2 protein chains.
Amino acid sequence: MQQLQGASRFNRRAIKVEQAIQLVVESALPGEKERVPLWQAGGRRLAESLSATTDWPPFARSGMDGYAVRSADTVLASPDSPVTLRVLESVAAGELAAATVEPGCATRIMTGGAVPAGADAVVMLEQTADADLDGLPAVRVKAAASLGQNIAKPGEEFRLGSVIAEPGTRIRPGHAALLGTFGYANVPVFKRPRVAVIATGDELLPVTAPLVPGSIRDSNSAMVAALIEQSGGVPLQMGCMSDDPGAILSVLVQAYEQADLIVTTGGVSVGDFDVMAAVMRSIREGSGGITERFLDYKTAKLLFDKVAMKPGSPTSAALVDGKLLIALSGNPGACFVGFELFVKPALLRLQGASIEASQPRAVTAKLESDFDKGSPHVRFVRTRLFTNDGCLHADPLAFNKSSMLASIPEADGLIRIPAGPDGLAKGSIVEVLLLL
Amino acid sequence: MQQLQGASRFNRRAIKVEQAIQLVVESALPGEKERVPLWQAGGRRLAESLSATTDWPPFARSGMDGYAVRSADTVLASPDSPVTLRVLESVAAGELAAATVEPGCATRIMTGGAVPAGADAVVMLEQTADADLDGLPAVRVKAAASLGQNIAKPGEEFRLGSVIAEPGTRIRPGHAALLGTFGYANVPVFKRPRVAVIATGDELLPVTAPLVPGSIRDSNSAMVAALIEQSGGVPLQMGCMSDDPGAILSVLVQAYEQADLIVTTGGVSVGDFDVMAAVMRSIREGSGGITERFLDYKTAKLLFDKVAMKPGSPTSAALVDGKLLIALSGNPGACFVGFELFVKPALLRLQGASIEASQPRAVTAKLESDFDKGSPHVRFVRTRLFTNDGCLHADPLAFNKSSMLASIPEADGLIRIPAGPDGLAKGSIVEVLLLL
């Protein structure tokens with residue numbers, strides 16, 4: 001087998017994690033837009049700023065089932081000495097009252113109904129009793145009503161034209177309610193980015209294959225596909241490939257035709273056959289090298305080929321013809337970290353999130369055990385999170401074994417252990433990147 | 001319009017929230033199963049217990065690019081006084097070595113490669129230099145290797161047959177990696193439950209309709225659809241209906257034919273035309289009443305028609321022919337709370353989660369402002385959550401206005417304010433139900 005990497009494989013210069021995230025996020029531009037029915041818009045990201053199409057509420061609304069009254073009529077009302085008011089009419093929600101509520105009168109009203117002219121309060125049904133006045137329908141009010149009681153005023157929540165959500169906002173159920181309220185039956189959203197997933201490694205077998213000695217099945221493709229789905233993308237499975245430059249390059253070309261973003265796993269390190277490292281080196285050195293065909297593309301720019309972090313320091317990224325190529329480590333733990341740090345932010349940005357909103361979300365928590373290992377670079381350690389008495393605790397999983405598969409499903413976050421000679425003591429306040 | 005509700009509308013007996021959740025969860029039984037490609041299994045819930053189909057790792061694997069050595073040969077190695085070993089061969093990942101590593105020898109190995117017989121440590125490439133010995137390939141090792149260094153032992157993470165995930169587990173990206181590793185190309189999962197959504201209310205217009213005075217557009221349907229999606233269900237939009245018993249009953253019958261779970265919004269309170277309250281009362285009283293046609297079903301049992309909580313006390317649930325009918329309040333805030341407390345747990349249970357795992361997930365946090373309003377019943381108040389110095393803080397939104405739409409999208413959780421005369425002071429530790 002042809003050795004792909006020479007001595008220059010050791011010349012990669014590490015950049016800081018924050019800088020690498022920034023480079024990726026700045027290279028990903030919000031993608032195409034489409035309209036989807038409101039019914040299916042949950043979880044998608046808004047492509048336009050949407051605003052209130054009316055004041056909200058649009059009219060004075062009753063918040064209760066009861067009686068619309070003039071509060072002044074009820075000031076002396078109490079359970080022992082109720083005030084009796086003549087009932088003018090009963091108005092269902094959706095109907096409008098025919099009559100103004102005059103002094104001494106009340107109108108039966110339902111939750112959500114428009115409060116009739118003249119009334120300035122609603123008394124809940126439970127504080128009333130049926131009555132009659134000279135043979136005509138009436139109501140006994142057993143409690144004084146305060147001005148405006150149980151009435152939502154027009155425009156109290158939104159004024160016509162006020163912005164209800166900005167572009168890039170992920171549509172949560174509460175946004176769906178607002179969009180329904182303001183008549184957005186079709187919602188402009190960013191298209192779900194298509195993400196090609198290519199696993200590389202001579203030792204990899206497809207998931208369907210029986211194991212043979214020395215080989216393992218491709219587990220990164222399925223993991224990355226699930227991560228892409230979680231972040232709003234559509235995974236395109238390109239298969240798992242041996243470290244054969246010709247085959248990889250032809251799949252890369254296909255991927256560039258079909259996808260908005262390309263993610264590879266494996267082959268980024270200093271091994272003799274690490275094909276993605278060789279691709280990145282060719283891009284860095286601007287030479288055709290093994291990537292001649294791939295570099296038919298107009299522009300190819302290396303963003304980074306080493307990041308000062310553990311695990312996943314050989315994680316690399318390039319921008320080829322405006323599309324990001326992110327090469328993650330093949331070690332499952334490092335692949336997972338690389339996805340969260342670089343691919344997810346890129347996906348959020350492609351879906352219109354601002355550069356700030358695309359960054360990994362961090363919380364602070366108390367470290368539950370000593371981490372006594374210093375490191376020249378920042379480390380990301382998988383952790384469980386739990387609360388106790390209002391504090392958040394980070395209980396690390398598999399401190400020393402980023403390659404361990406077993407604990408990946410249990411992780412709620414990634415503890416960020418800063419670079420330094422000493423590690424951290426139990427009880428230290430740490431930053432934790434939240435996983436979904 | 002026919003008045004649907006009589007005096008018995010006030011006879012509803014409130015049960016506790018926990019009891020109501022329990023009744024719902026116990027009534028929802030895990031549904032049908034199907035197999036989906038691993039590629040699409042992320043977020044679904046496992047229908048069977050899955051186990052390791054091999055030891056993992058299946059063979060002694062190198063964790064590094066470097067040289068497989070006998071550690072005893074390297075004890076004296078240092079940068080100043082490297083040890084030179086003869087290189088037997090170079091083995092790519094996926095290949096097996098031809099030769100045993102004898103004393104004084106080493107074999108070039110890649111990350112993920114099978115460690116050859118005879119070797120008991122791997123020295124990373126960066127701690128070596130090419131050399132020759134009598135004209136034959138050799139390597140200078142510049143650091144002592146400890147026994148087992150950079151080698152993952154067979155079975156270190158999993159033993160053949162050990163359980164990797166239990167039924168009901170939501171498949172996270174890390175599970176996808178495990179399923180790939182163990183060859184599960186098709187994954188047994190519970191089918192996504194179909195949930196019929198029916199909005200009721202004379203004041204409701206479809207989202208597409210222009211506003212007319214006294215009416216509002218249906219916002220609950222879209223919100224509930226997005227909530228259902230988030231919880232793994234498939235929403236079936238049955239439309240928004242006026243409070244017409246005949247029409248509602250015929251939609252309910254349709255819903256029972258198509259769906260695994262039926263959710264209605266609105267019409268549960270004590271208003272004269274509250275049609276879902278009338279349906280529930282008929283079920284409670286066992287009389288046909290307005291529900292004659294609906295009650296052609298074999299069994300109909302009321303679970304509750306009042307819950308001791310705010311907002312949403314009239315939230316009701318029945319079990320009709322083995323399917324849950326959950327009637328949420330029409331007030332958007334109460335509808336939202338009712339979904340989180342009752343519908344979501346039912347959906348998780350339908351997807352195989354255990355009764356315990358179906359309960360709302362709670363954390364503890366510090367209350368960021370006084371809540372000086374006592375209440376005879378537990379309250380659920382929407383809140384933002386943030387961390388500061390390792391503590392979780394709950395910053396309530398819209399304390400007094402459960403009907404407010406504006407703050408629903410901003411909520412990260414629901415603070416549980418216990419029943420009591422005094423409310424809670426700023427700084428109190430509160431329980432918060434987490435929203436997605």
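Labels below follow one simple rule: chain letters A, B, ... track the order of the sequence lines, proteins then strands, and each chain is numbered from 1. Since we're looking at a predicted model, the values are computed, not measured. Both backbone and side-chain heavy atoms feed into the values below; hydrogens, waters and symmetry mates do not.
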- Task: Mind ranking A/Trp56, A/Phe386, A/Phe339 by heavy-atom pairs under 4.5 Å with chain B and telling me who comes out on top?
- Result: A/Trp56

- Message: Is it the case that the side chains of B/Thr181 and A/Arg217 hold a donor-acceptor pair, with the cut-off being a distance below 3.5 Å and no angle test?
- Response: no

- Query: chain B heavy atoms under 4.5 Å from A/Ile429: which part of the residue, side chain, backbone, both or neither?
  - Reply: side chain

- Could you tell me which of A/Ala177, A/Ala226, A/Ala114, A/Gly42 has the largest number of non-hydrogen atom pairs under 4.5 Å with chain B? A/Ala177

- What part of A/Val115 lies closer than 4.5 angstrom to a heavy atom of chain B: side chain, backbone, both or neither? neither

- Message: At a 4.5 Å cut-off on heavy atoms, which part of A/Thr169 comes close to chain B: side chain, backbone, both, or neither?
- Response: neither

- Taking the inter-plane angle between the rings of A/Phe182 and A/Phe158 on a 0 to 90° scale, is it parallel (under 30°), tilted (30 to 60°) or perpendicular (over 60°)? perpendicular

- Measure distances from B/Pro235 to the heavy atoms of chain A and classify the residue's part below 4.5 Å as side chain, backbone, both or neither. both

- Under 4.5 Å from a heavy atom of chain A, the part of B/Tyr184 involved: backbone

- Query: Tell me, do B/Phe59 and B/Pro57 make a side-chain contact under 4.5 Å, heavy atoms counted?
  - Reply: no

- Message: Any salt bridge linking B/Arg172 with A/Asp412? Criterion: basic side-chain nitrogen under 4.0 Å from a carboxylate oxygen.
- Response: yes

- Item | Contact check, side chains of B/Val187 and B/Ile171, non-hydrogen atoms, under 4.5 Å | yes

- Query: Atom CG in A/Leu435, atom CZ in A/Phe336: separation rounded to 0.5 Å?
  - Reply: 4.5 Å

- Side-chain touch A/Ile109/A/Asp65, heavy atoms, less than 4.5 angstrom: no

- Message: Which atoms of B/Val197 are under 4.5 Å from chain A, going by heavy atoms: the side chain, the backbone, both sets, or neither?
- Response: side chain

- Leading residue by heavy atom contact count with chain A [cutoff under 4.5 Å; candidates B/Ile228, B/Leu178, B/Val430]: B/Leu178

- Task: Heavy atoms only, distances under 4.5 angstrom: which of A/Ser221, A/Ala362, A/Gly63, A/Gly43 has the most pairs with chain B? Name it, please.
- Result: A/Ser221

- Hey, which of A/Ala411, A/Cys391, A/Ala185 has the most heavy atom pairs under 4.5 Å with chain B? A/Cys391

- Which atoms of B/Gln230 approach chain A - backbone, side chain, both or neither, heavy atom under 4.5 Å: side chain

- What part of B/Thr53 gets closer than 4.5 Å to chain A, counting heavy atoms only: side chain, backbone, both or neither? side chain

- For chain A, the option from B/Gly183, B/Ala394, B/Ala222 that forms the most heavy-atom pairs under 4.5 Å: B/Gly183

- Query: So what's closer than 4.5 Å to chain B heavy atoms on A/Asn388: side chain, backbone, both or neither?
  - Reply: backbone

- Interface moiety of A/Ala165 toward chain B, non-hydrogen atoms closer than 4.5 Å: neither

- Item | Portion of A/Leu236 that has a non-hydrogen atom of chain B nearer than 4.5 angstrom | backbone

- Note on the structure: Counting heavy-atom pairs under 4.5 angstrom with chain B, the leader among A/Arg61, A/Glu229, A/Met64 is A/Arg61

- Choice from B/Ala225, B/Ser90, B/Ala41 maximising heavy atom contacts with chain A below 4.5 Å: B/Ala225

- Where does B/Leu227 contact chain A at under 4.5 Å (heavy atoms): side chain, backbone, both or neither? both

Which pairs would a plain distance check flag for residues 206-216 of chain A, meaning a side-chain donor or acceptor within less than 3.5 Å of a matching protein atom at least two apart in sequence or in another chain?
none

- Would you mind telling me which of B/Asp389, B/Val363, B/Leu38 has the largest number of heavy-atom pairs within less than 4.5 Å of chain A? B/Asp389

- Is it the side chain or the backbone of A/Asp218 that comes within 4.5 Å of chain B heavy atoms, both, or neither? backbone

- Measure across A/Leu405 and A/Ser219 and return the closest heavy-atom pair with its distance rounded to 0.1 Å. CD2-OG, 4.3 Å

- What part of A/Ser242 gets closer than 4.5 Å to chain B, counting heavy atoms only: side chain, backbone, both or neither? neither

- Query: So which part of A/Leu436 gets closer than 4.5 Å to some heavy atom of chain B, the side chain, the backbone, both or neither?
  - Reply: backbone

- Query: Checking heavy atoms, do the side chain of A/Glu431, its backbone, both or neither come under 4.5 Å from chain B?
  - Reply: neither

- Message: Tell me which of these, A/Gly390, A/Gly94, A/Gly174, has more heavy-atom pairs under 4.5 Å with chain B than the rest.
- Response: A/Gly390

